Every structure is written in structure tokens, then in C-alpha cells.
Amino acid sequence: MKALVYGGPGKRTWTDVPDRRIEAATDAIVRIDSSTICGTDLHILKGDVPEVKPGTILGHEAVGTIVEVGDAVTTLAVGDRVLVSCITSCGRCRFCREGHYGLCMGGGGWIFGHLIDGLQAEYARVPFVETSVYKVPEGLTDEDVLFLADILPTAYEVGVLNGKLEPGDTMVVVGAGPIGLAAIMTAKLFTPARIVAVDLADSRLEKAREFGADVVVNNGREDAVAKVMELTGGLGADLSIEAVGVPDTFELCTALVRPGGRVANVGVHGHSATLHLETLWIRDVTITTGLVDTFTTPKLLKLIEEHRLEPRAFGTHHFALGDIEEAYDVFANAAETEALKVVLSAQPVPAEPRAKQELATV
Ligand SMILES: NC(=O)c1ccc[n+]([C@@H]2O[C@H](COP(=O)([O-])OP(=O)(O)OC[C@H]3O[C@@H](n4cnc5c(N)ncnc54)[C@H](O)[C@@H]3O)[C@@H](O)[C@H]2O)c1
Ligand SMILES: [Zn+2]
Ligand SMILES: [Zn+2]
């Protein structure tokens with residue numbers, strides 16, 4: 001089979017790798033029908049995530065079809081269409097029992113394209129399959145559900161829910177990439193009074209308007225704090241969401257928030273940011289951080305099924321899975337290509353399950 005293999009910083013190749021095979025009774029082999037690329041994959045390619053060893057297949061977001069299940073799997077069967085998301089759950093550890101799957105201590109958590117081979121491939125081995133994947137409801141296409149594999153639950157859980165958004169709130173989201181836009185989309189479920197999007201790129205701010213931002217601020221040209229103070233009678237935002245991942249934007253979020261307000265950090269940070277306790281201590285501000293758990297995925301799936309969420313707009317560019325190298329170039333160059341998410345579709349492949357013997361001969 002073919003897969004996108006990480007070769008060390010700056011190196012990735014769509015190449016032949018051994019076929020996947022069941023390693024534990026709780027595994028399944030999934031044929032990848034649709035996959036996508038995440039900003040985190042670009043971080044990995046820059047060498048920012050050293051736990052990813054050269055030789056690892058990248059990718060942690062996909063929709064596929066089960067072609068083989070391990071002996072312990074009883075609730076899923078060959079032929080089932082499933083969403084394979086960025087977080088895997090052992091289902092047994094303390095954190096999985098609490099719904100904090102992102103913190104799984106039993107071998108799950110964020111493992112695909114990180115600690116084990118990922119989903120930018122023709123086939124993938126999915127551990128703990130019964131407690132980790134979601135059956136795709138009939139009538140929904142791959143692209144309807146693909147963005148549930150990461151950006152929607154991330155923005156919703158780590159941004160909107162951690163930030164305790166309420167009807168009538170003024171919410172500011174700093175960073176209008178896929179995560180910031182997904183925060184805007186899911187924030188609308190709570191009817192905020194006003195959503196303000198802040199970004200340096202006008203093209204991203206245009207998208208923010210399309211996704212439902214009421215006010216947009218280019219903080220390369222305008223003073224975002226002054227603008228938000230003006231909008232809120234000098235108080236500040238009820239909630240500011242950090243969706244970039246650099247020190248400046250975290251500090252900006254703490255300056256944008258009103259006394260008693262909330263700052264929800266979603267960005268992945270590679271450098272220390274300054275916590276201005278000298279101004280914050282007296283303001284009763286709550287700051288939250290987090291890795292996505294994906295405990296809201298079933299609810300978000302229901303909202304998509306009922307057309308209350310329409311995430312297809314994230315899929316701006318489409319490629320055949322085999323053209324993934326070109327897709328990476330387009331995604332990495334979003335400033336020019338205006339890409340949000342690229343959708344990678346496998347060429348039609350026969351749906352019959354492969355024989356166990358064939359899988360065993362790798
Ligand atoms: N916490 C989690 O579980 C989790 C999961 C997935 C992604 N993330 C992180 O969320 C962040 C956002 O992801 P994304 O895919 O949307 O990233 P992205 O790079 O596509 O978007 C970031 C946006 O921020 C804007 N930006 C950059 N510098 C800025 C500045 N100084 N002021 C205002 N805007 C600025 C860019 O123009 C861009 O539109 C990343 O750090 C990503 O790693 C976190
Ligand atoms: Zn991701
Ligand atoms: Zn666990």
C-alpha cells in the first residue's frame with residue numbers, strides 16, 4: 001500500500017509501505033476513503049514535534065471503511081463507514097472514564113501520525129477501534145463529517161465550552177484559520193451578541209465574515225484592544241479565544257478580556273508567553289488551556305445530521321489521495337492559495353474485505 005511517510009524535518013514522501021495488519025484483538029484495519037492535512041502536520045514537518053520519528057506515516061483525520069476487525073471487536077463490522085478522529089481512547093483508564101480522552105494513559109490520546117502510523121495512507125491500523133471511531137450516519141458524505149476529526153471538536157471544546165460562552169456575550173477570536181473559523185461556527189450555537197474576529201490576513205478576515213463574524217479587525221493595521229473596548233463600552237470581551245499559538249496573541253487575548261471574563265487558549269505554543277499578573281490579578285480573569293478530548297463529537301455529528309452545522313465550507317481544495325504531496329504544498333501556502341482544509345479522496349477501490357492471509361504476508 002501507499003502512504004505519506006515523514007522522513008525527518010522538511011521531508012515527506014508518498015511511497016510504498018508494508019500493508020497494515022491487526023496487532024491487537026481490539027484493532028481494526030480501515031481503508032481510508034477521505035483524509036485531510038492539519039496545521040499540526042506542518043509543525044511536525046518543521047521538526048517542532050520531535051516525538052514523531054522519521055518513518056512515521058503522518059495524518060490524524062480521516063473517514064474510511066472497515067476492512068478487517070480483531071477478534072475482540074463485536075460492535076463494528078467489515079463494511080462499516082467510520083470517522084477516525086485525532087483522538088483515540090482506550091476506554092478504560094481514569095481519564096477515558098471521565099471523558100478526557102485526550103489525556104488517555106492506556107495507549108490512546110493523540111497517537112495517529114504522532115506516536116503510531118497515521119491516516120494519510122491507503123489503509124490504517126486503528127487501535128481501540130470500538131471506543132475510538134464513530135459510525136457515519138447514512139446520508140452523510142465523507143466531507144460532511146471529515147472536519148469532525150479535529151477542528152470542530154477542538155474549537156468547540158477548547159474554545160467555546162472551556163470559555164463558557166453564553167447567549168448575549170461578546171466573543172473575540174484571535175486567529176481566523178480553520179480553528180478560529182470553527183470556533184465562530186460553533187459559537188453561533190450559543191447566540192453570542194457579537195463575534196469579533198482578529199487576524200493579520202484580510203483573506204482570513206473575509207472568511208471570518210462568511211462564517212459569521214460580525215466585526216473583523218486586522219491587527220496589522222488596527223489596534224484590536226481599542227476596537228474591542230469601543231465596542232463594549234470600555235469593558236472588554238466576555239470571552240477571548242486564542243487560535244494562533246504565539247506569545248503575542250495570547251497576551252493580546254488577556255488584554256481584550258473584560259474583568260471577570262474568560263480567556264480560552266486553543267493555540268499550540270512553542271515558546272513561553274508572558275502572563276501579565278501585574279494587571280490581571282485584580283481582574284478576576286479565568287484562563288483555560290487544553291488538548292481536544294473529542295467528547296462532543298457525537299453531538300456535533302448530530303448537529304451536522306440535522307443541518308444545524310454545515311462544515312463543508314472548510315473544504316476549499318480537493319485532491320486525489322495519491323496527489324497528497326501537491327496538496328501539502330497548497331495547504332502550506334495558504335496565504336496565496338487561500339486554502340482552509342484540503343480534502344484528499346482515495347480513488348475508487350473495491351469494497352470487498354481483503355483476505356487475512358494477504359494481510360499477514362507483510
Ligand atoms: N488545543 C488543541 O487541541 C489544538 C488542536 C488543533 C490545533 N490547535 C492549534 O490551534 C492553532 C490554530 O490552528 P489553525 O489550523 O487554525 O492555524 P492556522 O495557522 O491555519 O491559522 C492561524 C491564523 O492566525 C493568524 N495569525 C498569525 N499571527 C497572528 C497575529 N499575530 N495576530 C492575529 N492573527 C494572527 C494567521 O493569519 C492565520 O489566519 C494552532 O496553534 C494549532 O496548532 C490546537
Ligand atoms: Zn490536527
Ligand atoms: Zn484511556
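Below, each value reflects all heavy atoms present in this structure, side chains not excepted, and no hydrogens, waters or symmetry copies. Every number for a ligand or one of its atoms is a count from 1 in the order of the listing. Since this is a predicted model, take the numbers as computed values, not measurements.
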Report the part of I151 in contact with ligand 1, treating N, CA, C, O as backbone and CB onward as side chain, heavy atoms under 4.0 Å; options are side chain, backbone, both, neither.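 Neither; nothing of I151 gets under 4.0 Å from ligand 1.
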
Does atom CZ (R312) have a neighbourhood of more than 12 heavy atoms from anything else shown, all under 6.0 Å?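 Count over threshold, so yes.
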
Between the Zn ion (ligand 2) and D41, is there an N, O or S atom separated by less than 2.8 Å?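 Not a single backbone or side-chain N, O or S atom of D41 is under 2.8 Å from the Zn ion (ligand 2).
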
Near the Zn ion (ligand 2), is there an N/O/S atom from C86 that is less than 2.8 Å away?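 Given the 2.8 Å cut-off, C86 does not count as a ligand of the Zn ion (ligand 2).
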
To 10 degrees, how wide is the angle OD2 (D150) to the Zn ion (ligand 2) to SG (C38)?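 Computed angle, vertex at the Zn ion (ligand 2), rounded to 10 degrees: 130°.
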
Side chain D19, main chain M1, donor-acceptor under 3.5 Å: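 Yes, D19 side chain to M1 backbone: donor-acceptor pair under 3.5 Å.
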
Got a salt bridge between [X] and [Y], using NZ or NE/NH1/NH2 to carboxylate O under 4.0 Å?
X: D169; Y: R194; result: no
X: R209; Y: E206; result: no
X: D329; Y: R12; result: yes
X: R125; Y: D117; result: no
X: R31; Y: D33; result: yes
X: E138; Y: R81; result: no

Go through ligand 1 atom by atom and flag the ones less than 4.0 Å from a non-hydrogen atom of [X].
X: L291; answer: 3 (O)
X: G267; answer: 9 (C), 10 (O), 11 (C), 41 (O)
X: D150; answer: 5 (C), 6 (C)

Please determine if [X] has a nitrogen or oxygen closer than 3.5 Å to a nitrogen or oxygen of ligand 1.
X: A243; answer: no
X: V292; answer: yes
X: G290; answer: yes

Once rounded to 10°, what is the value of the angle centred on the Zn ion (ligand 3) between C93 SG and C90 SG?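 The two atoms subtend 110° at the Zn ion (ligand 3).
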
What is the SG(C96)-the Zn ion (ligand 3)-SG(C104) angle, to the nearest 10 degrees?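 Taking the Zn ion (ligand 3) as the apex, I get 100° for this pair.
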
Is atom 32 (N) of ligand 1 in close reach of the protein, with a heavy atom under 4.0 Å away?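 Answer yes: something from the protein, a heavy atom, is under 4.0 Å.
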
By the definition side chain to side chain donor-acceptor pair (under 3.5 Å), identify the one residue from Y328, W14, Y6 that meets it with Q120.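 Checked Y328, W14, Y6 against Q120; only one passes side chain to side chain donor-acceptor pair (under 3.5 Å): Y328.
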
Any heavy atom of D248 closer to ligand 1 than 4.0 angstrom?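 Judged by the 4.0 Å heavy-atom criterion, D248 does not count as contacting ligand 1.
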
